[in-house]
Structure formats: C-alpha cells, structure tokens
Amino acid sequence: MFVQVCLYFYCKCLWRCLKFVVRKLTGQCELQRICYNTKPGAARTMKIEASLKGSKSKRLQTSVSVHPDAIEKTIDDIMELKRINPDINPQLGVSLQACLLQIVGYRNLIAEVEKLRREPYDAENSQHEEMLLKLWKCLKPNSPLKARISKQWCEIGFQGDDPKTDFRGMGLLGLYNLVYFAEWDTEIAQQVLSDSLQPKYSQFSKAEWEKKKFDKAIGYSFAIVGINITDLAYNLLVSGALKTHFYNVAPEAPTLTHFQQTFCYLMHEFHKFWVEEDPLDIMEFNRVREKFHKRILKQLQNPEMALCPHFAASESLINM
C-alpha cells in the first residue's frame, strides 16, 4: 500500500513537471494544446474535462460544475488564470465555452433524469394519466381503450390491468421514454410492438413454425422491456458512458430530448439484438440484456462514436 501511494505521488509530480516543460517549449498551456490539436467532439471535451478536474487550481476544478449562466464568466476566469490574451487567442474562448456547455449540461441532464426517475406515477395526477392514455393511442390507434383499468394494457406489454404498478422501478422516466418513442417514432414503435407479440416457438411444431414463417425469436412484453431499457439508458448516463455519444451529437448542452432519442435508439437496437440472439424463452432476458449492455459499452469506448439512429426522432438533433 505504501509503495502504491509513493508511486502515485511520484507519477503525479512527474506529470506536473512534464506539463511545465511542455508549456515552456510550446508556449501553450494544456487547455490550449487540447483545443488546438484535438478536433471538436467527445475527444476534445473529455480531455478538457479531465484537465480541469485534475488541475491543482480549485477554480479550475470547480469550473466543471458552475451554473450554465456563469460559463462565460468562468471562461474569462480561466483565461486570466492561465495568462492567455483573449485578443490573441479568440478561438480558444469559443472552444472552451463549447466544451463547458457540454460538461455542465451533462451534469444537469443527470439531475433532470434523476428527478423524473424518483417521481412516482400518480393515478390522481391528470397529467400522468393523460400521458399514459397517449401511449395507448399512439401504439393502438385503431383499438379504443375500453376502460382505464383493463386487461387491454397487456396488449402493449404491461403486466396487469393497471400499468401504474409497472412504473415503480423507473418512475415517470419510464413513461416519458415510452411516450416519446411511441409519439415521435410511431411507425417503428408499432412495428417493434407487433414483433414483440409474435407467438412462442413452443406453441408450434418445427414444421408448423417454418410454414408460418414467424420470427424464431420468442416474444416479450414491450412496455416492461421499455422500462428495463430505460434503466439501461439511465445507468449508461450516470456512469458517464454516454458522454462519448452526447459530446459528439450535442454541440452544446445535452438535453432530456437527447436522452429520449438515445432511448429510442437503444430500444430499436435491443429489439434487433433480441431477434439475433434467438433466446429459447423469456428466462434468458437478463443474459441477452447484459450481452447487449456490454456491446453498447464497447461501442461507446470509441471517442468518435455517436449512437445516431436513422429515424424520425433523431433528425432534428443530429448535427444541431
């Protein structure tokens, strides 16, 4: 343990000395070198974020958590602290501001998403009820809901006759995501729902199955899986894994809409992955989900990765 501590401080001191030497040789601080030598996007923003957090200056460390309205003032403080003349380096301020908007925006997005996740579904809240009914109308426009409490809810993948009990794990966040998917990517959402209702392989003999030409993948509960994929998206966000995607897609602060668009992508991709995996029964769901999770994490390790689905929900967000 003592050796590890000594090694840590040795490397830290060595790194600071190296930075000092490079600054003297180039005439540029680390922030300048990053902005001038790294193209915009996740690669640049994540390096800027690491540099600010790892700085020995408290002012620089706290710059990643300022209020969005204070970002311009923060940039001025950074330039002053680093003794950078903004008149000689005008583009540096612009680049740093773009990075800070993404960094601060990501933190604020986590807070917004967490607030929705913690808010329980309330059947006495008219707005909650309206959203739930909108979900039904978007997914089943030609099948009127006969009653608020109804077995019909099972047709879109809820477990019982009252969906409110299924939102306990993800709160309103699960409902928000499902409604967004159904409303903005209606055609794809309806297709995924239809595919998820395919009969089980075990209900047919092999000859009957081939004759009917059904997908071999067993069906699943659309709404329940949507809430589960919401949990997956939430964990990707909180862990920081989605920084790669958001920093490449959102030129400024990532928003709740960006998160919901990402959910649409994950929902669509999971459905295709589920069909490819061809599980024997629904008991394999956790195995398939974990394998899918690992695949997404691997993709997000690429600093140039952007989860950009080619459907309606993404068109207004890509290259904003």
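Between the side chains of Ser196 and His271, no donor-acceptor pair of N or O atoms lies under 3.5 Å.
Nearest approach of Ser221 to Gly157, heavy atoms of both residues: CB-O, 3.3 Å. Heavy atoms only, all atoms of each residue included: Asn248 and Ala42 are closest at OD1-N, 2.8 Å. Closest of all the heavy-atom pairs between Pro163 and Arg148 is CD-NH1, 3.7 Å.
Screening Lys134, Gln260, Glu130 for a side-chain contact (heavy atoms from CB on, under 4.5 Å) involving Val179 leaves a single residue, Lys134.
Salt bridge absent: Lys272 and Glu277 never bring a charged side-chain N and a carboxylate O closer than 4.0 Å. A salt bridge between Glu114 and Arg118 is present, with a side-chain N of the basic residue lying under 4.0 Å from a carboxylate O of the acidic one.
A cation-pi contact, defined as under 6.0 Å to the ring centre and within 45° of the axis, links Lys243 to Tyr106. For Arg295 and Phe273, the positive end is not near the middle of the six-membered ring at less than 6.0 Å and at most 45° from its axis.
Looking at residues two or more places apart in sequence or on another chain, you find a ring-ring contact (aromatic ring centres under 6.0 Å, His included) between Phe167 and Tyr121, Phe158.
For NZ of Lys140, the number of neighbouring non-hydrogen atoms (other residues, nucleotides, ligands) closer than 6.0 Å is greater than 12.
Remark: aromatic rings of Phe263 and Phe270 are distant, center separation not under 6.0 Å.
In the hydrophobic cluster analysis, where Ile, Leu, Val, Met, Phe, Trp and Tyr join through side-chain heavy atoms closer than 4.5 angstrom, Ile224 is grouped apart from Met131.
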